[in-house]
Amino acid sequence: MKIRRFFGKDMREALSQVKAELGSDAVIMSNRKVADGIELVAAYDKEPEAKLFTPKTSPKATPKASGQKAVPSLSEIIGDDGPDSLKALLEKQHGGSAPSSSNASASQSHSANHNQPMSANARHANEIASHLDFSEAFIDDVESQHLAQDEGRATTFPDHQASSIDEAPVSQSAELAQIKEELASLRDVLQYQVADLMEAKNKRQKPVHQYLITRLTDMGLSSALASQLISYTPAHYNERDAWVYLLNLLANRINVTGNDILSAQGAVALVGPTGTGKTTTVAKLAARYAQKYGAESVAMITIDTYRIAAYEQLATYGKIIGCTVRKAQTSEELADLLFQLRHKRLVLIDTAGFSQRDSRLIKQIKQFDNGQMPKVKKYLVAQANTQYPALQRIIKAYDDIELSGCIFTKLDECYSLGEVLSAAVEYQLPVSYVTDGQKVPEDIKIAEAKSLVSAAAKLYKKYGLNHTSGNNAIKTA
């Protein structure tokens with residue numbers, strides 16, 4: 001006997017190949033699922049065709065049979081240590097039952113070859129052929145068996161195979177994330193190189209403009225605002241004229257509100273981070289208002305229940321000024337106090353200082369959303385020496401409330417004023433007052449755009465420029 005392998009995309013195609021090449025006398029030894037479809041192992045008699053068939057067909061089949069290579073034994077292919085009994089294997093495969101159509105074909109095969117002498121191998125092959133069945137029902141049955149086996153394999157993976165399947169997407173996603181990080185890093189490097197080339201090109205084409213952009217950014221303005229201001233500068237200006245033009249243009253971009261708090265009536269609340277001087281600013285405004293309209297026309301309320309002696313500090317200022325001072329712990333109490341003090345021309349509210357990342361800040365902001373509370377104007381109090389990124393976060397933290405303006409404090413402590421001016425311009429935040437000391441009520445002034453820009457330029461000239469110093473020694477531990 002000789003063994004051949006056949007491959008097909010499904011059982012029907014594989015069986016058709018067996019029948020077309022080996023005939024209906026072939027024996028199906030085994031079948032299994034492979035990557036591309038179905039693999040069948042079929043056996044047929046390797047005796048010369050002349051012993052089985054007529055001499056007319058033997059010359060065509062003999063060269064093909066003689067050209068076949070030696071194949072392994074049936075036990076090696078199937079993996080069975082038992083005897084190579086084809087009939088036993090087939091009976092095991094088909095459940096020991098053969099269809100009635102196969103018996104009919106077997107009887108016809110015996111009757112057709114009854115008159116020809118047959119060897120023992122040929123008779124054995126004919127017996128095996130009687131078990132073959134290439135009917136449609138047999139093919140469908142085999143395909144259904146394969147589908148059931150595939151489903152069983154899919155649901156009963158060994159533990160090591162299941163773990164490898166679960167780990168495969170994880171490893172692929174990790175590799176993909178690493179590739180994305182490398183691409184992002186490469187993009188950043190390329191953007192830096194391109195920006196450097198563009199900057200070098202602009203320096204060659206417009207050296208005065210690039211020099212002025214550097215001066216503006218060193219003064220504290222953001223790169224975006226500096227580039228925007230430079231774009232409006234005439235190209236024929238020299239360095240000095242262009243610098244004066246830029247300072248005037250920056251002053252025109254700053255929005256100031258004038259003496260709006262001290263010239264109006266109603267309730268005003270000062271909000272902002274901790275340590276910006278809100279309590280002292282409230283006292284300065286109250287003292288200025290008392291000087292103009294009288295101490296009985298102004299009142300102060302504190303809702304700062306977190307800082308120790310916050311009410312006592314404001315009460316001390318109230319005794320000096322001679323005005324009313326109250327404390328509220330809830331939004332309902334604040335609404336009641338505002339109703340009680342409705343006859344006052346101005347009520348100044350001192351709030352607790354919270355970081356822009358503090359969740360209590362949102363709770364404090366919601367205190368002003370009480371439906372029974374009259375309208376309260378909110379002013380942001382920020383230090384003039386605050387870093388530009390911190391100013392951005394602070395302003396964004398108060399996006400949920402409508403800010404009527406801002407007050408810049410501690411101008412006497414800062415070495416650069418461009419950061420707060422840049423934030424005020426970019427976020428279109430009006431500037432109302434500036435403070436430059438601790439004296440009450442002297443150290444508070446109405447904000448003026450040209451004065452602020454002039455102060456920023458003076459600070460840059462004094463501290464921002466590179467000055468030659470006689471003592472450049474570095475202190476070490």
Side-chain angles (χ1 to χ4, degrees), residues 256-272 276-307 309-354 361 363-381 398 400-407 409 430-435 439-447:
V256 293
T257 61
N259 196 14
D260 54 345
I261 296 178
L262 299 180
S263 60
Q265 301 181 18
V268 174
L270 302 187
V271 299
T276 57
K278 294 186 295 296
T279 303
T280 305
T281 304
V282 167
K284 291 177 181 179
L285 291 172
R288 284 288 184 91
Y289 204 84
Q291 289 177 351
K292 186 175 182 180
Y293 298 101
E296 68 281 355
S297 62
V298 62
M300 295 185 293
I301 300 176
T302 178
I303 60 174
D304 186 1
T305 59
Y306 299 94
R307 187 166 58 91
Y311 171 72
E312 287 74 9
Q313 181 184 1
L314 197 64
T316 302
Y317 283 123
K319 289 180 181 180
I320 297 173
I321 299 170
C323 63
T324 305
V325 180
R326 294 289 186 268
K327 178 174 66 174
Q329 295 183 349
T330 62
S331 60
E332 290 77 9
E333 292 183 7
L334 179 59
D336 292 340
L337 289 176
L338 290 176
F339 180 76
Q340 295 174 13
L341 300 173
R342 64 186 182 279
H343 61 281
K344 300 289 185 179
R345 288 178 58 92
L346 178 65
V347 177
L348 296 170
I349 303 173
D350 181 25
T351 63
F354 294 117
L361 176 63
K363 181 179 179 181
Q364 177 181 266
I365 292 175
K366 289 183 178 179
Q367 286 185 327
F368 299 103
D369 295 335
N370 192 337
Q372 300 177 355
M373 189 179 300
K375 184 178 180 180
V376 178
K377 295 181 180 180
K378 276 79 67 176
Y379 286 79
L380 176 65
V381 180
Y398 292 92
D400 294 336
I401 64 174
E402 182 183 356
L403 293 175
S404 300
C406 66
I407 300 174
T409 61
V431 184
S432 299
Y433 298 90
V434 294
T435 65
K439 294 180 181 180
V440 179
E442 291 84 3
D443 295 334
I444 186 170
K445 298 179 179 61
I446 301 172

- Is there a donor-acceptor pair under 3.5 Å between the side chain of K344 and the backbone N or O of E296? yes
- Item | No-hydrogen, no-angle side-chain donor-acceptor test under 3.5 Å, T276 and T409 | no
- Main-chain N/O of P441 paired with R288 side-chain donor or acceptor, under 3.5 Å: yes
- Message: Apply side chain to side chain contact (heavy atoms under 4.5 Å, CB included) to residues T351 and L270 and explain how you reach the verdict.
- Response: CA-CA 6 Å; T351 63; L270 302 187; 5.6 Å; no
- Query: Just by modelled atom types, is the Q329 backbone N or O under 3.5 Å from a matching donor or acceptor in the E333 side chain?
  - Reply: yes
- side chain to side chain contact (heavy atoms under 4.5 Å, CB included) between I261 and Y433, worked out: CA-CA 9 Å; I261 296 178; Y433 298 90; 3.8 Å; yes
- Item | Any donor-acceptor pair under 3.5 Å from Y311 side chain to I301 backbone | no
Under 3.5 Å, which donor-acceptor pairs link side chains of residues 314-321 to any protein atom two or more places apart or in another chain?
{"from": "T316", "atom 1": "OG1", "to": "E312", "atom 2": "O", "distance (Å)": "2.8"}

- Item | CG on D260 to CD1 on I446, rounded to 0.5 Å | 9.0 Å
- L403 vs V271, side chain to side chain contact (heavy atoms under 4.5 Å, CB included): CA-CA, chis, key distance, verdict: CA-CA 9 Å; L403 293 175; V271 299; 4.3 Å; yes
- For K378 and V268, indicate whether the former's side chain and the latter's backbone hold a donor-acceptor pair under 3.5 Å. no
- Query: Nearest 0.5 Å, what's the NZ-CG distance between K284 and L348?
  - Reply: 14.0 Å
- One should read off an interatomic distance between R342 CZ and L337 CG, to the nearest 0.5 angstrom, of 12.5 Å
- So, the side chain of S297 versus the backbone of G294: is there a donor-acceptor pair under 3.5 Å, distance only? yes
- Step through the shown structure and confirm whether more than 12 heavy atoms of other residues, nucleotides or ligands are within 6.0 Å of NZ on K445. yes
- Of all heavy-atom pairs linking A283 and M300, the shortest is CA-SD, 4.4 Å
- Message: I want to check something: taking the side chain as every heavy atom from C-beta on, are T324 and V298 in contact at a cut-off of under 4.5 Å?
- Response: no
- Query: Rounded to the nearest 0.5 Å, what separation is found between the OG atom of S263 and the OH atom of Y289?
  - Reply: 8.0 Å
- Member of V440, L346, I444 meeting the side-chain contact (heavy atoms from CB on, under 4.5 Å) criterion with L285: I444
- Between T279 and D350, do the side chains contain an N or O donor and an N or O acceptor separated by less than 3.5 Å? yes
- Scanning both residues in full, the closest heavy-atom pair of L380 with G272 reads CD1-CA, 3.8 Å
- Could you tell me whether the side chain of L334 reaches within less than 4.5 Å of the side chain of I303, counting heavy atoms only? yes
- Would you say the side chain of Y379 lies within less than 4.5 Å of the side chain of S432, judging by non-hydrogen atoms? yes
- Show the numbers, then the answer: is there a side chain to side chain contact (heavy atoms under 4.5 Å, CB included) between D443 and T435? CA-CA 5 Å; D443 295 334; T435 65; 5.5 Å; no
